Amino acid sequence: MKLYSRKNQVYKENGRVIKRFEDEIAYKREREMVALLKNADVAVPQMIKAANNTIIYEWIDGVTYHTLVDCFEQKHARALIYWLECYYSATNILRGDVNLRNFIYCEEADKCYGVDFEDECFAGNKETDFGRIIAFAATYDAPFTDTKRHCAKLLLKGFEESNADSEKIKNSFINEIHAIVQRRTHKHYNMDDAVSFWEKLQ
């Protein structure tokens, strides 16, 4: 079964995930990051084998966070924020690619897993990631709806409770909306709607 990936060949076979990388540097970066996170007890899939620009992972039985934004609950926010804090503690860098497809919620364990670590990440304020996460959540089809706002409110509350600066989160959110407008040229987002969306989170 083929799985979603913009850059690589990823599919499920015999209860495992096989990821074939197009770029050797990205392969090495992901392999090293997953090993680091696993050693730090951060929730990531078990790496079963890594060779020839291919990584074989265990299959995590759960749902990606991008499918949860319209039925978001406190437990989803709590699990995601806990994962992020563990990640920051282990790496001292930003998560970077915070597309919500890269987070899996496992209902049975009430736990968030992170996947997809091929992009280079940099140091910075965690509010950068937090604002971008809310921007992604807000703009999945259909964007800026009441259910998206409910999701964003739960996330923002959790971020603020982790001593994050809400103004920095807002700035990151607005910056990421501008970036999304540039990337998703087939979509039409109104910046006034984005600003109004944020204001109603307070």
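Everything quoted here is computed from the prediction, not taken from an experiment.
Shortest non-hydrogen contact noted between A50 and I55 is CB-CG1, 4.1 Å. Between V63 and T67 the shortest heavy-atom distance is CB-OG1, 3.8 Å. Scanning both residues, R16 and I56, for their nearest heavy atoms gives CD-CG2, 3.9 Å. The two residues A40 and A90 come nearest to each other via the heavy atoms CB-CB, 3.7 Å.
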- Query: Between E127 and K168, does a salt bridge (charged side-chain N to carboxylate O under 4.0 Å, His left out) hold up when you go through it step by step?
  - Reply: CA-CA 6 Å; E127 289 89 350; K168 290 180 180 177; 5.1 Å; no

- Message: The test is side-chain contact (heavy atoms from CB on, under 4.5 Å); show your working for V17 and I60 and say whether it passes.
- Response: CA-CA 9 Å; V17 175; I60 299 298; over 6 Å; no

- Query: Can you list the steps and then say if D97 with F117 is a side-chain contact (heavy atoms from CB on, under 4.5 Å)?
  - Reply: CA-CA 8 Å; D97 187 355; F117 298 96; over 6 Å; no

- Message: Please evaluate residues S162 and F130 with respect to the criterion side-chain contact (heavy atoms from CB on, under 4.5 Å), reporting the C-alpha separation (whole Å), side-chain torsions for both, the decisive distance (0.1 Å), and the verdict.
- Response: CA-CA 11 Å; S162 71; F130 293 168; 3.9 Å; yes

- Item | Stepwise side-chain contact (heavy atoms from CB on, under 4.5 Å) check, V69 with T147 | CA-CA 7 Å; V69 292; T147 53; over 6 Å; no

- Can you list the steps and then say if Y65 with N99 is a side-chain hydrogen bond (donor to acceptor under 3.5 Å, both in side chains)? CA-CA 9 Å; Y65 267 75; N99 187 319; over 6 Å; no

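Side-chain rings of Y113 and W83 stay apart, their centers remaining 6.0 Å or farther from each other.
Within the 4.5 Å cutoff, the side chain of F103 has no heavy atoms near those of the H66 side chain. Residues F144 and I177 are in side-chain contact: their nearest non-hydrogen atoms beyond the backbone lie under 4.5 Å apart. K12 has its side chain out of reach of I18: every pair of non-hydrogen atoms, C-beta onward, lies at least 4.5 Å apart. The side-chain heavy atoms of L156 and F173, taken from C-beta on, include no pair separated by under 4.5 Å. Using a 4.5 Å cut-off on side-chain heavy atoms (C-beta onward), Y105 and L80 make no contact. At a threshold of 4.5 Å between non-hydrogen side-chain atoms, the residues M47 and Y57 count as touching. Put simply, the side chain of I169 reaches to within 4.5 Å of the side chain of W198, judged on heavy atoms. Residues P45 and E58 are in side-chain contact: their nearest non-hydrogen atoms beyond the backbone lie under 4.5 Å apart.
Between K126 and E85 a salt bridge is recorded (basic side-chain N to carboxylate O distance below 4.0 Å). For D110 and K75, the salt-bridge test fails: no basic side-chain N is under 4.0 Å from an acidic carboxylate O. A salt bridge between R29 and D119 is absent, with no side-chain N of the basic residue lying under 4.0 Å from a carboxylate O of the acidic one. A salt bridge does not link E32 to K28: none of the charged side-chain nitrogens sits closer than 4.0 Å to a carboxylate oxygen. Here R149 pairs with D146 in a salt bridge; the nearest charged N to carboxylate O distance falls below 4.0 Å.
Under the rule for a salt bridge (Lys or Arg N to Asp or Glu O under 4.0 Å), the partners of D141 that lie at least two apart in sequence or sit in another chain are K187.
The CG atom of D165 sits 8.5 Å away from the CG atom of N171 when rounded to the nearest 0.5 Å.
Of the options E118, E30, R20, a side chain to side chain donor-acceptor pair (under 3.5 Å) to N8 is made by E118 and by none of the others.
Using modelled atom types and a 3.5 Å distance limit, the side chains of N53 and E22 yield no donor-acceptor pair. Side-chain N/O atoms of D129 and Y87 include no donor and acceptor closer than 3.5 Å.
Between H76 and F72, the ring-plane angle classifies as tilted under the 30° and 60° cut-offs.
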